[in-house]
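Structure first, then comments.
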There are 2 protein chains.
Amino acid sequence: MAQPLTPKQKEVLRFIACSVSVQKMSPTIREIGRHFGFSSTGTVRDHLRALAAKGYLARARKKARAIELADAACGIPIIGRIAAGSPLEANENIEGFLRPEEAAPLADDVFALRVQGDSMSGAGIVDGDIVIVRRQKQARQGDIVVALVGGEATVKTLRKQGSRMWLVPHNKKYRPLSCSGSTVIAGKVISVVRRYV
Amino acid sequence: MAQPLTPKQKEVLRFIACSVSVQKMSPTIREIGRHFGFSSTGTVRDHLRALAAKGYLARARKKARAIELADAACGIPIIGRIAAGSPLEANENIEGFLRPEEAAPLADDVFALRVQGDSMSGAGIVDGDIVIVRRQKQARQGDIVVALVGGEATVKTLRKQGSRMWLVPHNKKYRPLSCSGSTVIAGKVISVVRRYV
DNA sequence: TTGACTACCACACATTTGTGTGGTATGCTG
DNA sequence: CAGCATACCACACAAATGTGTGGTAGTCAA
């Protein structure tokens, strides 16, 4: 899975990853060759074969621009626990890879909401954060949901007590809301993204 | 920019977006045609032309699988402020689009770190969160940084007082650390991602 | 009615693109 | 030394793919 690459192979993989993120499509064999000054398509194919054999990419046969990068090549390495003394660069600490689509999953029934106010600050959701919400009418006890209360959208935790439902803030300054007939659950918060300038 | 689409055009755009996210490459004209049962490539081309004219995608000429989705087609709509009474589905509330790469930017000098502990809970960074870090040795006053203190990585806010530098937690349970010679700044936190099960 | 836009079809054509075959040269390892 | 992997070349070929031309039919507004 994480077999070492030769410097040349690293270069080629890096070029492919850059192409994908800039042009939003994988390069063709000839585009790769042109970039490195290769005059033969066979050369590029050999490199792709080597990279595929080492698990850094997958290729669909006979298809144009069909290089698919593995997580190790296109994801951000997630470092879990740092053993005291070991450098952050060390590979052993890599717990997995965060793929862009994982952070902001694409789907038809997903939208994002910019959070206003501090009613959920106790749960780590603060003013300006973007919450990503899957549209659904139902939710379970403990889910963080977006609810429409009198036409206003709010982010709260859902609590059930018997047949009663509550929208609970995570900030002592605010009080739980009891769900009335006009309260509608718009969706469930599946992810939070915050960007710093 | 946000011109309305006909139902058929929506279908086509949706199919392309799905293909891109599943197969990680845009479909060919013939793949689109096959999916919809079109027997002519010209039909698909007409649809692509219409979608391009309305700003939902861009196409590179003569290139295979070269459909590039615009933000409106591949990003998650960010809803900023909800006017009381207006439904969440309304288009007027869309403030922008969150693209996957924006949430988890791809670059050579970026890594992610799973946060342990609650020392930054006051800043909305809680246990289990993933912080995305740009590798850099320097940082400015107020930046949230990852620092190596005695071989351990910690996330703190950087404060400067004269020539003195402090690593300040956001939780009253912990005390600021004065930066000593062995303290190294590993990078700056540029984004935080949290996923709920 | 005319003109637009949408939504399709058929077919031909030129490129783009991946693949296959067969080489050369270098360096490393058993 | 032979065997193997890396790192390149040249050239041919078939399949994949985007494009062009010229149609038909329906809807909708001026």
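If you're wondering where the values come from, they're calculated on a predicted model, not measured in any experiment.
Proximity of T28(A) to the phosphate of dT16(C): no side-chain N or O atom is located under 4.0 Å from OP1 or OP2. Not one side-chain nitrogen or oxygen of T6(B) sits closer than 4.0 Å to the OP1 or OP2 atom of dC5(C).
To the nearest angstrom, C1' of dT17(C) lies 18 Å from CZ of F38(A). Taking atom NE2 of residue H47(B) and atom P of nucleotide dA7(C), one finds them 5 Å apart after rounding to whole Å. The CG-C1' distance, from L5(B) to dA7(C), rounds to 15 Å in whole Å. Summarising the geometry, the separation between CZ on F36(A) and C1' on dT6(D) is reported as 15 Å, rounded to the nearest angstrom. R65(B) places its CZ atom 11 Å from the P atom of dT17(C), with the value rounded to the nearest Å. Remark: P of dC8(D) and NE2 of H35(A) are 13 Å apart, rounded to the nearest angstrom. What separates CD of E31(A) from C1' of dT15(C) is a distance of 13 Å, to the nearest Å. Going from atom CE of M25(B) over to atom P of dG18(D) covers 12 Å, rounded to whole Å.
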Per-nucleotide protein contact along nucleotides 19-30 of chain C, 5' to 3', at a 4.0 Å heavy-atom cut-off (B base, S sugar-phosphate only, - neither), is BBB---------

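Residue G33(A) is classed as having no contact, given no heavy-atom separation below 4.0 Å to the nucleic acid.
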Chi angles and distances behind the side chain to side chain contact (heavy atoms under 4.5 Å, CB included) call for L158(A), M165(A): CA-CA 7 Å; L158(A) 187 72; M165(A) 298 211 295; 4.3 Å; yes

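The shortest distance between side-chain heavy atoms of M25(A) and Q23(A) falls below 4.5 Å.
Remark: side-chain polar atoms of S121(B) are not paired, donor with acceptor, to backbone N or O of V126(B) under 3.5 angstrom. Judged by distance alone, with hydrogens and angles left aside, the side-chain atoms of R114(B) form a donor-acceptor pair with the main-chain N or O of G128(B) at under 3.5 Å. No donor-acceptor pair under 3.5 Å is formed between the side chain of T41(B) and the backbone N or O of R30(B).
In this structure, the helix from dT1(C)-dA30(D) to dG30(C)-dC1(D) shows an angle of 30° between the axis at its start and the axis at its end, each fitted on 5 base pairs and rounded to 10°.
With the nearest nucleotide of DNA chain C identified for both A64(B) and P7(B), P7(B) has the one nearer the 5' end.
Around the CD atom of Q141(A), the shell of radius 6.0 Å holds more than 12 heavy atoms that belong to other residues, nucleotides or ligands. Within 6.0 Å of atom NZ in K160(A), more than 12 heavy atoms from other residues, nucleotides or ligands are found, so the atom counts as buried in its surroundings.
Close placement of the F38(B) and H47(B) rings is indicated, their centers lying within 6.0 Å of each other.
The minimum heavy-atom distance between I32(A) and P27(A), with the atom names listed, is CG1-CG, 3.7 Å.
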